[in-house]
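Some notes on the structure that comes next.
None of the values given here were measured: they were computed from a predicted structure. So that the names make sense, note that chain A is the first sequence line, chain B the second, and so on, each numbered from 1.
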Amino acid sequence: MLEKRYDFNSREKHWQDYWRENEIYKFNPDAKDRYMIDTPPPTISGIIHLGHVFSYTQIDVIARHQRMLGKSVFFPFGYDDNGLPTERYVQREKKVKMAETTRGDFINLCLDTTKEMKEVYENVFSSAGHSADFSHAYSSISPRTQEISQRSFIELYKQGEIERRNSASLWCPECRTTIAQSEVDTMETESVMNYIYFTIKESGEKLKIATTRPELLSACVCVFVHPEDKERANLVGKTAISPLYNREVPIIANADVDMEKGTGAVMCCTFGDEADAKWQKEFNLPVLEAIGYNGRMTELANEFAGLKVREAREAIINKLKEEGLLYDQQPLTHLVATHERCGTEIELLIKPQWFIKLLNHKDEIYKAGEAVKWYPEHMQKRFLNWVEGLKWDWCISRQRFYGIPFPVWYCADCGELILADVEDLPVDPSVSTPKHPCPKCGGTHFEPERDVMDTWATSSLTPQICTDLITSKGLDDTYIPMDLRPNAHDNIRVWDFYTIAKSLLHFKKLPWSDVMISGWGLSATGSKLSKSKSSGGTPTPLETFKQYSADVTRYWASNASLGKDVYIKEEEFKNGFKLMQKIWNASRFVLSFLEGYVPKIPQTLLPMDEWILERYRVTYMKFMSYLSKYEMGLGLNELEQLFWTFCDDYIEIAKNRLYKPEIYGEEAKESAQYASSMVLEGILKLFSIYMPHITEEIYQSYYADIEGAKSIHISKYLDLGEPKDEQVLKQGDVVCDIVSQIRGYKSSNGLSLKEELSKVTLTGYADFVKNCAEDIKAVCNIQSLEFAEGEKGVSIEA
RNA sequence: GGGAGCUUAGCUCAGUUGGCCAGAGCAUCUGCCUUACAAGCAGAGGGUCACAGGUUCGAGUCCUGUAGCUCCCACCA
């Protein structure tokens, strides 16, 4: 017998302990039917908020759904503690300066911090009733992960997919590191178009050129004009002299030039933008470095050396003006590339960097993007769009301190590149040395590669890092492709993209078959919940669980269309709370009639009992269809509708028969017992993926014994098969409609619903309705119910 | 400039391949202490489905165009 009140605070904790102790969610790698999830690792960077609970709950609902379908679900966990956010967090919290410690010490500090944060995170997620396997969790900076990541590097290097080259790359002067295309953001900026004079050496004529970046004049290596430019094509082959610096540069024909832009003649500097980088390569132009790694002008800029880019721009403009070399200026707003982490304008600088070749694999990656099933479907376009626009190979070296090192040394004598042996991984080349002398010159002095790898070079291996938790095989494809990668839309072009790329390069396989793209859980005002800032009035997860329960919080999180953002709305929580109460009360009521009852198909099943079973079948099918598309919110809506029908229409009808078998007969009672126990069981199981605690509590009080299951979460959904009879469905609805009309009569006449009516005549209804006469009479409290032929109608006499 | 999504009741949204008077929840209004539930129950009102065309016997649903909002990408000469 269930208590009158459901004390969620103590009961939720109770079941969480129960699940843990009984290893309810344990994965069996040998199971025939597996479902494997490539869980995203939350970044260790500060406090955990409801946004986390939002997205991980959606993953948990899917994990539970697959488990209820009878699969063994691999739902691992991981922590992303490798990267700038963690670096910053650790420095701030531990009051350590990275530059004043060694890489090894700093990594250990990060691992310690992860350990502390793990407890905090794990507490929140398990309090939310998540069914991930927290006992098998990975860290993205752990020695094991480093081993896998370095192994991946070595293998791809040997395959020829990675190379080190001196090439223009995206550089953040603030963070003093290279960044990847996917880390670039754009910012609207006020700028000025400057029109300046070059001089044609041969004729002494002036050549007009427009530029927003005059500070790069010292790095100007040529001038381009369009070959079909009537005015200027004759200049091709001549020499231009740059203003201020008087550098002589060739004038070259280039069909890329847009005659409509600027003055129609373009100066090419190394490097003002990506076009410059492209042209430098294409025309094999020299590289002049006007900007240094610190974001300041180099000696090349003469008197402007040492100035920051912006300062230099201003100074040069003034000088040009003074010299009469600037003849016009026009303000403009344009978007500049910035580093997404710090907002600093990005420069293109040349430096030896490590690249994973992607441009020559664009086709394969594109096809993989088509082969993966994206939910919602239109998210695929975003991926394909990104691949189409890909312009850079993947630069994986970062001039940072903290990160996974490259397993590489260079011979101090001859410069030969030396890879670590795979069996020695992980290595930190700055603390260890190669085991053998240089194979080329026999030298024994080595320079370590000091760059570290981009975090995505490691995160892109999560399918391998995850499955390593069960295989211990490291870089291995036994369980690849996995079934699901869940993440939000901001990660399509980053994590999803890199994971697909790496999986293709290593195994020529898709990393997973499905990607589920969720939205964000946003604050009531629609702002993004931040990990580092306090969340501005938004309650913490633990506070929310305490006030509304974890089940209700989960209800909020899963009641969304896939891919859509959801706001934290008090209303939604209240709704969920009502639902939870209703589930409790309805179950308590139904179960009170089932003491000692063991469900078996009764000899006669009354029409309205058939009706509610049929309703269940229909809902079940719709539910499965939605969930197969990861549309858990829509599935939940269908389920709620069935549940309220069950409560308001069905139970109201059935309760008379359940209460008074002496009036309606034992058979009528058994029929109601059967239908109500089955449908309640089915409903509870469907709800269990959203609200695991309360459904477990109810299940354990009755169904667990009957089914001999340890937990509702490892039982199976109640599948009553395909819907059988549409007429039963329709006619049952007609009965509900009749009841509703009679209730409406009472309501509009100010009568209590229990008020007795002396006579009701139903005209023109089918036999099904006639067979429900007893139910209708009872639920509406009618003394005399009569049927007549003719136009359909309900007539009531008080 | 290229791509994607959205626009349905006061609010948040459903509406599968075109087909009975367009749905739900919340909010509003009215009634009801009815032996599970007053954080409840019953009932009611409320929509030119963004706009304009088109296809069709029939369009919220398909096609074309327009407008507004959101996101992604490109745009530094």
Checklist entry - Base, sugar-phosphate alone, or nothing: which one does A:Lys391 contact when heavy atoms must sit under 4.0 Å apart? => result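 It contacts sugar-phosphate atoms only.
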
Checklist entry - Looking across every strand, which nucleic acid part, if any, lies under 4.0 Å from A:Ala210 by heavy atom: base, sugar-phosphate, or nothing? => result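 Sugar-phosphate, backbone atoms only, no base.
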
Checklist entry - Is the distance between the ring centroids of A:Phe383 and A:Trp374 less than 6.0 Å? => result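 Centroid distance A:Phe383-A:Trp374: below 6.0 Å, so yes.
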
Checklist entry - Does A:Phe589 have its ring centroid less than 6.0 Å away from the ring centroid of A:Phe593? => result yes

Item to check | Interatomic distance at C1', B:U48 relative to B:U7, whole Å | outcome: 15 Å

Checklist entry - If we only count heavy atoms from C-beta on, is the A:Asn781 to A:Leu753 side-chain gap below 4.5 Å? => result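 A:Asn781 vs A:Leu753: side chains apart.
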
If we ignore angles and hydrogens, is there a donor and acceptor under 3.5 Å between the side chains of [X] and [Y]?
X	Y	result
A:Trp279	A:Asp256	yes
A:Tyr555	A:Glu640	yes
A:Asn656	A:Asp775	no
A:Glu370	A:Gln380	no

Next on the checklist: Tell me whether A:Lys381 at atom NZ has more than 12 heavy atoms from other residues, nucleotides or ligands lying less than 6.0 Å away.
Outcome noted: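 Check fails, neighbour count at 12 or below.
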
Give every pair of a protein N or O atom and an N or O atom of nucleotides 17-21 of chain B that lie under 3.5 Å apart, one pair per line with the distance.
none

Got a list of protein N/O to nucleotides 42-45 of chain B N/O distances below 3.5 Å?
residue, atom, partner, partner atom, Å
B:A42, N3, A:Ser747, OG, 3.2
B:G43, OP1, A:Ser740, OG, 2.5

Name each donor-acceptor pair under 3.5 Å that joins a side chain in residues 569-581 of chain A to protein atoms two or more places apart or in another chain, with its distance.
residue, atom, partner, partner atom, Å
A:Glu570, OE2, A:Tyr548, OH, 2.5
A:Glu572, OE1, A:Asn559, ND2, 3.3

Next on the checklist: From the set B:A24, B:G25, B:A77, return the single nucleotide nearest to any side-chain atom of A:Asn575.
Outcome noted: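 Selected nucleotide: B:G25.
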
Pairs under 3.5 angstrom, nitrogen or oxygen only, protein versus nucleotides 4-12 of chain B, please.
residue, atom, partner, partner atom, Å
B:A4, O2', A:His378, ND1, 3.4

Next on the checklist: According to salt bridge (Lys or Arg N to Asp or Glu O under 4.0 Å), who are the partners of A:Lys373, at least two apart in sequence or on a separate chain?
Outcome noted: A:Asp514

Checklist entry - Within the distance-only criterion (no hydrogens, no angle test), does the side chain of A:Thr619 pair as donor or acceptor with the backbone N or O of A:Arg615 below 3.5 angstrom? => result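 Yes.
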
Checklist entry - Name the stems with RNA chain B in them: runs of three or more consecutive Watson-Crick or G-U pairs, distances under 3.5 Å? => result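 Stem segments, range with range: B:1-7 with B:67-73, B:10-13 with B:23-26, B:28-32 with B:40-44, B:50-54 with B:62-66.
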
Next on the checklist: For B:A39, is there a stacking contact with A:Phe577, counting only centres under 5.5 Å and planes under 30°?
Outcome noted: yes

